[in-house]
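To find a chain, count down the sequence lines: A is the first, B the second, and so on, and within it residues start at 1.
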Protein chains: 2
Amino acid sequence: MFSKACEYGIKASIFIALNSLEHRRVGPKEISKEINSPEAFTAKILQALVRNNIINSIKGAHGGFEIDKKDIKTIMLADIVNAIDGDNIYKGCGLGLQQCNADKPCPMHEKFKLVRAELKNLLESTDLESLALDIKLGESFLKN
Amino acid sequence: MFSKACEYGIKASIFIALNSLEHRRVGPKEISKEINSPEAFTAKILQALVRNNIINSIKGAHGGFEIDKKDIKTIMLADIVNAIDGDNIYKGCGLGLQQCNADKPCPMHEKFKLVRAELKNLLESTDLESLALDIKLGESFLKN
DNA sequence: AACAAAGAGGACAATTTTGTCCGAATTAAA
DNA sequence: TTTAATTCGGACAAAATTGTCCTCTTTGTT
Ligand code: FES
Ligand code: FES
């Protein structure tokens with residue numbers, strides 16, 4: 001469904017949000033440990049999230065990654081997916097036609113667009129804060 | 001969403017079904033032309049579909065690929081996806097946890113399982129015949 | 001029997017994705 | 001001002017996916 005990079009990006013963002021709610025900065029080492037991902041690769045993805053203004057980085061000693069507290073509830077999963085995997089999952093044809101076009105649809109178009117719309121709605125309506133709070137309450141987990 | 005191999009496999013199966021309804025066998029050359037896919041790679045995927053008993057192949061002169069007419073309405077998209085991409089899209093965790101487990105769910109679990117169920121339903125309830133007939137009626141297309 | 005027209009299968013190549021490493025730049029603290 | 005902790009960026013490596021090519025086998029036709 002999502003690329004590995006995107007999965008790591010989402011989980012990392014949630015973990016950073018969780019910590020930012022408690023004014024803690026975290027680095028790639030701690031993040032990759034908590035989300036069970038390769039450290040160096042995760043660091044690359046964090047860089048991409050920084051470039052896309054989803055998370056902030058503070059360089060130097062006592063640095064790390066954080067998210068402005070006020071932004072945590074306005075950052076949606078869709079923002080992260082878009083930054084890493086692009087918008088193909090929202091807009092692309094399920095059978096890989098060059099463009100999904102209702103005027104010249106692929107055989108799956110009518111049914112597929114419903115699934116795609118539901119996925120889009122999920123991603124656009126889910127914010128980082130609610131996901132972080134679920135973790136905090138022990139109702140969900142970032143690794144198993 | 002699906003791998004390229006799976007996209008080609010679905011489109012090829014629909015095209016073969018369409019022709020089998022009219023008692024025509026088709027080969028990789030014609031198939032790849034009609035679904036706009038690389039010929040040799042498509043041939044590989046066709047082999048896999050044969051091994052999975054989704055399509056039949058007839059070797060030798062006047063050979064080609066076909067689907068038993070009586071099977072066309074009972075072969076579901078899910079069968080093809082399963083044969084090529086496996087069942088991860090139905091059963092796997094959206095955030096890549098080793099297993100989707102409601103007792104130790106990832107943060108997306110509750111919402112994601114709904115999308116996944118809808119996708120599963122789509123694939124399990126859509127048969128090759130209906131897709132082939134749509135093409136025949138000019139209501140959908142295998143390339144653009 | 002010989003030939004031609006197919007699919008089967010294995011080896012290989014290109015591309016993309018995933019992952020690693022290391023040096024440079026930045027910053028706080030001693 | 002030195003040092004240590006940290007992110008940044010580029011080069012590199014490994015693995016998976018996508019794609020190509022060539023030979024073998026099978027089978028209908030002559
Ligand atoms: S054309 Fe394929 S999903 Fe719309
Ligand atoms: S645990 Fe992630 S989708 Fe179920």
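- Near DNA chain D, meaning a heavy atom under 4.0 Å from it, residues 12-31 of chain B has no residue at all.
- Heavy-atom distances under 4.0 Å link DNA chain D to B:Pro38, B:Ala40, B:Phe41, B:Lys44 of residues 37-56 of chain B, given in residue order.
- By the side-chain contact (heavy atoms from CB on, under 4.5 Å) test, B:Ala132 pairs with B:Ala17, B:Leu18, B:Leu21, sequence neighbours left out.
- Residue pairs meeting the side chain to side chain donor-acceptor pair (under 3.5 Å) criterion with at least one member in residues 46-73 of chain A, sequence neighbours excluded: A:Arg25-A:Glu66.
- For A:Asn101, the side-chain contact (heavy atoms from CB on, under 4.5 Å) partners are A:Gln99, A:Asp103, A:Lys104, not counting sequence neighbours.
- Against DNA chain D, the stretch residues 59-69 of chain B makes heavy-atom approaches under 4.0 Å through B:Lys59, B:Gly60, B:Ala61.
- Mapping heavy-atom proximity under 4.0 Å, the span of DNA chain C touched by chain B runs 5' to 3' from C:dA5 to C:dA11.
- Applying the side-chain contact (heavy atoms from CB on, under 4.5 Å) criterion to B:Lys29, with sequence neighbours excluded, gives B:Glu39.
- Protein chain A touches strand DNA chain D; the 5'-most and 3'-most nucleotides with an atom under 4.0 angstrom of its non-hydrogen atoms are D:dA5 to D:dA11.
- Within residues 4-11 of chain B, no residue has any heavy atom under 4.0 Å from DNA chain C.
- Proximity of residues 78-86 of chain B to DNA chain D (heavy atom under 4.0 angstrom from any strand atom) is not detected for any residue.
- Among residues two or more places apart in sequence or in another chain, the salt bridge (charged side-chain N to carboxylate O under 4.0 Å, His left out) test is passed with B:Lys33 by none.
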